[in-house]
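Residue numbering restarts at 1 for every chain, and letters A, B, ... go by the order of the sequence lines.
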Amino acid sequence: MRLQAIRSALLAWYGSARRDLPWRRTSDPYAIWISEVMLQQTRAAAVIPYYERFLRAFPNAAALARAPQEQVLAMWAGLGYYSRARNLQKAARQIVESGEFPRDYDSIRALPGVGDYTAAAIASIAFHQPCAAIDGNVRRVAARLAGSNEAGDLPPRLLDRADPGRWNQAMMELGATVCLPRAPKCGECPIARFCAANSRHAQHEFPAKRARPHPIRLRRTLLLIRRGEKILFTPSARVKGFWDLPETIPGARIGAQLGHFRHTILHRHYRFTLRLAEAKKIPPAGRWFDPGQWAAIPLSTTAKKALRLAP
DNA sequence: AAAGCGTGGGT
DNA sequence: TACCCAAGCTT
């Protein structure tokens with residue numbers, strides 16, 4: 001494999017074709033860490049507004065460490081995989097405790113919520129350490145390049161030791177914009193001439209696809225219970241740490257149907273019906289929030305969708 | 001080590 | 001509509 005020729009071709013392409021993403025304008029390890037955690041299993045386009053708001057609210061590890069967890073979850077609401085937000089804050093407290101952001105791969109890897117990929121990304125981008133960051137994009141690019149689903153040794157061999165952070169981002173950018181999972185744009189690919197899969201017209205064979213759990217369809221009713229401007233919320237039955245509209249309240253009088261919406265949580269496909277209701281006795285865990293408070297509390301996505309239907 | 005964890009955009 | 005799957009980590 002012509003490693004140096006591949007490096008030159010990909011880096012030349014990255015120099016001219018990369019997207020302008022906000023986390024590429026910083027060299028602050030804290031900001032790079034936040035962006036990498038937000039990007040776990042999440043598209044760049046979805047991350048951008050969250051990244052900007054989060055850094056404004058919590059500009060450094062100390063600010064994140066001292067914030068109430070409710071405020072951190074409220075900022076994360078809608079981004080998904082909420083254990084990321086809890087781990088982020090746990091890690092921020094460790095960083096403040098230790099006095100500085102960890103600078104080497106092993107110490108970064110030891111932070112809660114940071115696995116092999118994220119540690120390598122931070123170490124290479126923020127600290128110029130020679131670590132290959134291997135995410136889903138890089139695995140796919142490597143598998144096609146080598147024409148094999150056992151190409152795990154390729155990313156570290158290919159890593160550009162002169163600028164590992166830039167190299168890792170170039171590999172991921174190629175996977176995210178050109179070497180796409182279902183319909184790769186091989187005609188636009190700067191390294192197609194080195195690609196074993198492309199030469200055999202076998203791009204679709206890589207990577208091997210995994211089995212998925214079969215979908216489950218569910219129906220649920222949410223209740224809209226008002227007291228003046230305030231609405232009754234209860235702890236979410238689906239997403240830990242979030243507030244949702246109640247589903248059932250003993251003795252409640254169920255009234256008019258206000259609308260429907262769909263919501264999927266992993267393989268569970270819900271169809272929700274929103275109904276007006278009145279309740280004499282409310283559950284002890286219930287709390288009343290008016291619209292002015294909704295931005296400051298962790299509100300589940302189902303509650304947000306339901307409230308859009310409320311007259 | 002397989003399974004659980006969210007959501008939204010693309011096809 | 002239905003399905004795919006994304007800059008993964010934890011237990």
**Fill in**
In whole angstroms, the gap separating P of dG6(B) from CG of Leu73(A) amounts to 11 Å
**Asked** Between Arg139(A) (CZ) and dC5(C) (C1'), how many Å, whole number?
**Response**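 To the nearest whole Å, that distance equals 13 Å.
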When you measure from the side chain of [X], which nucleotide among [options] comes out closest?
{"X": "Glu36(A)", "options": "dG6(B), dA7(C), dC5(B)", "answer": "dA7(C)"}
{"X": "Arg182(A)", "options": "dT7(B), dG6(B), dC5(C)", "answer": "dC5(C)"}
{"X": "Trp23(A)", "options": "dC5(C), dA7(C), dG6(B)", "answer": "dA7(C)"}
{"X": "Arg109(A)", "options": "dT10(C), dG8(C), dT7(B)", "answer": "dT10(C)"}
{"X": "Tyr82(A)", "options": "dT1(C), dA7(C), dT7(B)", "answer": "dT7(B)"}

**Message:** Just to be sure I understand the geometry, which residues of residues 40-50 of chain A put a non-hydrogen atom under 4.0 Å away from DNA chain B?
**Reply:** Gln41(A), Thr42(A), Arg43(A)
**Prompt:** For DNA chain B, what residues of residues 9-20 of chain A have any heavy atom nearer than 4.0 Å?
**Reply:**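 Here the set is empty: none.
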**Message:** Between Tyr82(A) and Phe242(A) (judged by ring centroids, cut-off 6.0 Å), do the two rings come close enough to count as a pair?
**Reply:**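 Tyr82(A) vs Phe242(A): aromatic centres under 6.0 Å.
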Relative to [Y], does [X] satisfy both conditions: NZ or CZ under 6.0 angstrom from the six-membered ring centre, and within 45 degrees of the ring's axis?
{"X": "Arg53(A)", "Y": "Tyr50(A)", "value": "yes"}
{"X": "Arg238(A)", "Y": "Tyr270(A)", "value": "yes"}
{"X": "Arg18(A)", "Y": "Tyr14(A)", "value": "yes"}

**Request:** Could you check Glu173(A) against Asn87(A) and say which one's nearest nucleotide on DNA chain C is further toward the 5' end?
**Result:** Glu173(A)
**Item:** Nucleic acid contacts of residues 204-219 of chain A, taken as heavy-atom distances under 4.0 Å to DNA chain C
**Value:** Arg212(A), Arg217(A)
**Message:** What's Ile125(A) touching, base or sugar-phosphate or nothing? Going by heavy atoms closer than 4.0 Å.
**Reply:**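 No contact at all - Ile125(A) keeps every heavy atom at 4.0 Å or more from the nucleic acid.
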**Prompt:** Hey, does Thr264(A) reach any base, or is it just sugar-phosphate, or nothing, if we go heavy atoms under 4.0 Å?
**Reply:**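 Base contact.
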**Prompt:** Looking at Gln257(A), Arg220(A), His260(A), which one forms a side-chain hydrogen bond (donor to acceptor under 3.5 Å, both in side chains) with Thr273(A)?
**Reply:** His260(A)
**Message:** By the definition side-chain hydrogen bond (donor to acceptor under 3.5 Å, both in side chains), identify the one residue from Thr234(A), Thr302(A), Thr301(A) that meets it with Asp244(A).
**Reply:**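 Running side-chain hydrogen bond (donor to acceptor under 3.5 Å, both in side chains) over Thr234(A), Thr302(A), Thr301(A) with Asp244(A) returns exactly one hit, Thr302(A).
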Given [N], is OP1 or OP2 found less than 4.0 Å from the side-chain N or O atoms of [X]?
{"X": "Arg140(A)", "N": "dA6(C)", "result": "yes"}
{"X": "His263(A)", "N": "dT7(B)", "result": "yes"}
{"X": "Arg268(A)", "N": "dC5(B)", "result": "yes"}

**Asked** Would a 4.5 Å heavy-atom cut-off, applied to side chains only, mark Phe127(A) and Ile108(A) as touching?
**Response** yes
